[in-house]
Asks: 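Before I ask anything, let me first share the structure, which is written out below as C-alpha cells.
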Amino acid sequence: MLLSYFQEDLLEAGCDEAGRGCLAGPVFAAAVIFPKDYFHPLLNDSKKLSEKKRMELRPIIERDALAYAVTSVSPQEIDAINIHNASYKAMHLALDQLKVAPEFLIIDGNRFIPYKNLPHQCIIKGDGKYLSIAAASILAKTYRDEYMLELSKEFPVYDWASNKGYPTVKHRNAVLEFGMTPHHRKTFTVSRPQLTLF
C-alpha cells in the first residue's frame, strides 16, 4: 500500500518525469500535492498500470489534488543541456506552475537539483511508494503519451503510436532507414538493432 506522505509537518509535493529514455519527443514532468491524509487504493507506479487504468486515474488525480501541474522540455533543449538537466528543469517548471506553494518535495529517483532552497528527499522507486509521486508519474506519462500519439499521425513510420518514442527495434530501424525528424533527440545514439546473436 502506498504512503500518503514522507513527512507530516510540511505541505508536500511529489514529482516525477516521463520520457527520459526516449529517442524522440519531449521529456514531461508533473508535480502533485494531495491533501494530508489522502488515499486512493488504485494509485500506483504508472509503469505497473495499464494505459486504460492510467487514463481512468488521471481525472481523479486532477480532481482530488490540492494542486497539480504538468510541463515539458523540448528535444532541442534536451540536446542543449542533456537529458538529466532537462528532466530536472521540467520538474522545476511544473513546481513553478503549482497554484499552491509546496514546503517540501519528494522526488522519484536518486538525484535532483534543489528548487528554491526547499527541502527535498529523493526516493528510489518513489512512484511505487508514495501516492503523490505515483500520481505525478501517471500525469507525466499520460500527457506525454497523448503528445506522442498526436505526433505519430504526422510521422507514422516511426510507430510512435505504439512505442511513444522509446527505442524499440521498429523505431530504431525507421531512424536508420528514414533519418531523424525535428522531434528526435540528436544527441541520442541510434544503434542498429541486433536481430541475430552469434
Side-chain angles (χ1 to χ4, degrees), residues 1-8 10-22 25-36 38-51 53-55 57-58 60-62 64-73 77-78 81-98 100-148 164-167 185 188:
M1 190 169 75
L2 272 61
L3 301 171
S4 297
Y5 48 80
F6 177 79
Q7 52 74 51
E8 55 183 327
L10 303 172
L11 189 63
E12 189 171 277
C15 298
D16 201 2
E17 52 74 30
R20 188 180 291 220
C22 294
V27 61
F28 275 62
V32 175
I33 301 174
F34 280 132
K36 177 64 72 179
Y38 181 76
F39 180 72
H40 194 289
L42 299 181
L43 270 182
N44 204 343
D45 172 4
S46 65
K47 296 183 288 297
K48 296 178 181 175
L49 300 170
S50 67
E51 184 172 0
K53 189 58 68 180
R54 288 193 296 266
M55 290 306 295
L57 284 166
R58 187 168 94 180
I60 294 171
I61 294 165
E62 294 175 349
D64 293 351
L66 291 176
Y68 73 90
V70 184
T71 55
S72 65
V73 170
E77 192 157 6
I78 291 169
I81 65 175
N82 80 46
I83 185 60
H84 298 293
N85 288 326
S87 297
Y88 305 140
K89 180 173 181 178
M91 289 186 193
H92 284 205
L93 290 171
L95 291 164
D96 284 342
Q97 291 188 18
L98 288 174
V100 177
E103 300 167 321
F104 190 92
L105 309 176
I106 52 174
I107 313 295
D108 184 58
N110 60 0
R111 286 197 301 169
F112 183 63
I113 295 174
Y115 173 80
K116 292 185 176 179
N117 296 316
L118 284 183
H120 72 268
Q121 179 67 44
C122 294
I123 301 164
I124 295 170
K125 297 185 179 177
D127 47 3
K129 297 174 182 175
Y130 292 93
L131 289 166
S132 61
I133 301 179
S137 79
I138 290 167
L139 294 187
K141 172 75 172 155
T142 55
Y143 277 90
R144 188 180 188 283
D145 283 358
E146 283 186 341
Y147 182 91
M148 295 306 295
K164 307 301 191 293
Y166 283 91
R185 303 170 185 180
F188 281 44

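Sequence positions, counted from 1, serve as the residue numbers for this chain.
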Asks: Is the backbone N or O of Ala90 less than 3.5 Å from a side-chain atom of Thr71, with the two atoms forming a donor-acceptor pair by type?
Replies: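 Confirmed, Thr71 side chain pairs with Ala90 backbone.
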Asks: Going by heavy atoms in the side chains, are Tyr5 and Ile106 under 4.5 Å from each other?
Replies: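 Heavy-atom side-chain distance check fails, nothing below 4.5 Å.
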Asks: Nearest 0.5 Å please: distance from the CD1 atom of Ile133 over to the CG atom of Asp127.
Replies: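 So the gap between those two atoms works out to 7.0 Å.
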Asks: Do Ser72 and Tyr147 come within less than 4.5 Å of each other through their side chains, counting heavy atoms only?
Replies: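 A side-chain contact is absent here, since even the closest heavy-atom pair is not under 4.5 Å.
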Asks: Cys15 and Ala31: which non-hydrogen atoms are nearest, and at how many Å?
Replies: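 Of all heavy-atom pairs spanning Cys15 and Ala31, the closest is SG-CB, 4.0 Å.
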Asks: I want to check something: taking the side chain as every heavy atom from C-beta on, are Leu43 and Ile138 in contact at a cut-off of under 4.5 Å?
Replies: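 In short, these two side chains touch, coming nearer than 4.5 Å.
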Asks: Rounded to the nearest 0.5 Å, how far apart are CE of Met55 and CD1 of Ile60?
Replies: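 Those atoms lie 12.0 Å apart.
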Asks: Looking at CE of Met91 and CG of Leu105, how far apart are the two atoms once the value is rounded to the nearest 0.5 Å?
Replies: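 So the CE of Met91 and the CG of Leu105 are separated by 10.5 Å.
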Asks: What's the spacing between His40 NE2 and Ser4 OG if we round to 0.5 Å?
Replies: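 That separation rounds to 12.5 Å.
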Asks: Between Arg58 and Tyr143, is NZ or CZ placed under 6.0 angstrom from the six-membered ring centre and within 45° of the ring axis?
Replies: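 The answer is yes, since Arg58 meets both limits relative to Tyr143.
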Asks: State whether Lys141 and Asp16 are salt-bridged, where the test is any N-O pair (Lys NZ or Arg NE/NH1/NH2 against Asp/Glu carboxylate O) under 4.0 Å.
Replies: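 No, Lys141 and Asp16 are not salt-bridged.
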Asks: Are any of the side-chain heavy atoms of Gln121 and Glu12 separated by less than 4.5 Å?
Replies: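 A side-chain contact under 4.5 Å is absent here.
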Asks: Looking at side-chain heavy atoms only, is the closest gap between Asn85 and Ile113 below 4.5 Å?
Replies: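 When only atoms from C-beta onward are counted, Ile113 and Asn85 do touch, with a gap below 4.5 Å.
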Asks: Which one of Leu93, Val32, Leu139 satisfies the side-chain contact (heavy atoms from CB on, under 4.5 Å) criterion with Val70?
Replies: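 Exactly one candidate clears the test, Leu139.
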Asks: For Asp108 and Tyr130, test the side chains for any donor-to-acceptor distance below 3.5 angstrom and give the result as yes or no.
Replies: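 There is no such pair (donor and acceptor under 3.5 Å, judged by atom type) between the side chains of Asp108 and Tyr130.
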Asks: In Å and rounded to the nearest 0.5 Å, what is the CE to CG distance from Met1 to Leu131?
Replies: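 With rounding to 0.5 Å, CE (Met1) is 8.5 Å from CG (Leu131).
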Asks: So which atom in Pro119 and which in Leu10 form the shortest heavy-atom distance, rounded to 0.1 Å?
Replies: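 Closest pair (atom of Pro119, atom of Leu10, distance): CG-CD1, 4.3 Å.
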Asks: Mind listing the closest non-hydrogen atom pair of Arg111 and Cys122 along with its distance?
Replies: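 The answer is C-SG, 3.7 Å.
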Asks: Are any side-chain N or O atoms of Arg54 and backbone N or O atoms of Thr142, one a donor and one an acceptor, separated by less than 3.5 Å?
Replies: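 No; judged by distance alone, with no hydrogens or angles, the pair does not exist.
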Asks: Provide the closest heavy-atom pair for Ala140 versus Ala30 in the form atom of the first, atom of the second, distance.
Replies: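 Where Ala140 meets Ala30 most closely, the heavy atoms are N-CB, 3.9 Å.
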Asks: Would you find a donor on one side and an acceptor on the other, under 3.5 Å apart, between the side chain of Lys116 and the backbone of Asp96?
Replies: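 No, the answer is negative, given that no donor and acceptor are paired below the 3.5 Å cut-off.
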Asks: Ring centroids only, cut at 6.0 angstrom: are Phe112 and His92 within range, meaning strictly under it?
Replies: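 Centroid separation for Phe112 and His92: below 6.0 Å.
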Asks: Identify the two heavy atoms, one from Arg185 and one from Val27, that lie closest to each other, and give their separation to 0.1 Å.
Replies: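 Heavy atoms of Arg185 and Val27 come nearest at NH2-N, 3.7 Å.
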Asks: Walk me through it: do Arg144 and Cys22 pass the test side-chain contact (heavy atoms from CB on, under 4.5 Å)?
Replies: CA-CA 11 Å; Arg144 188 180 188 283; Cys22 294; 3.5 Å; yes
Asks: What distance do Asp145 atom CG and Lys164 atom NZ have between them, rounded to the nearest 0.5 Å?
Replies: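 Result: 5.0 Å between the selected atoms.
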Asks: Please report the shortest heavy-atom distance between Lys129 and Lys125, naming the atom on each side.
Replies: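 So the minimum-distance heavy-atom pair works out to CG-O, 3.5 Å.
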Asks: Between Leu66 and Leu11, is the side-chain contact (heavy atoms from CB on, under 4.5 Å) condition met? List the steps.
Replies: CA-CA 10 Å; Leu66 291 176; Leu11 189 63; 4.1 Å; yes
Asks: Could you check whether atom NZ of Lys36 has more than 12 heavy atoms from other residues, nucleotides or ligands sitting under 6.0 Å from it?
Replies: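 Enclosed.
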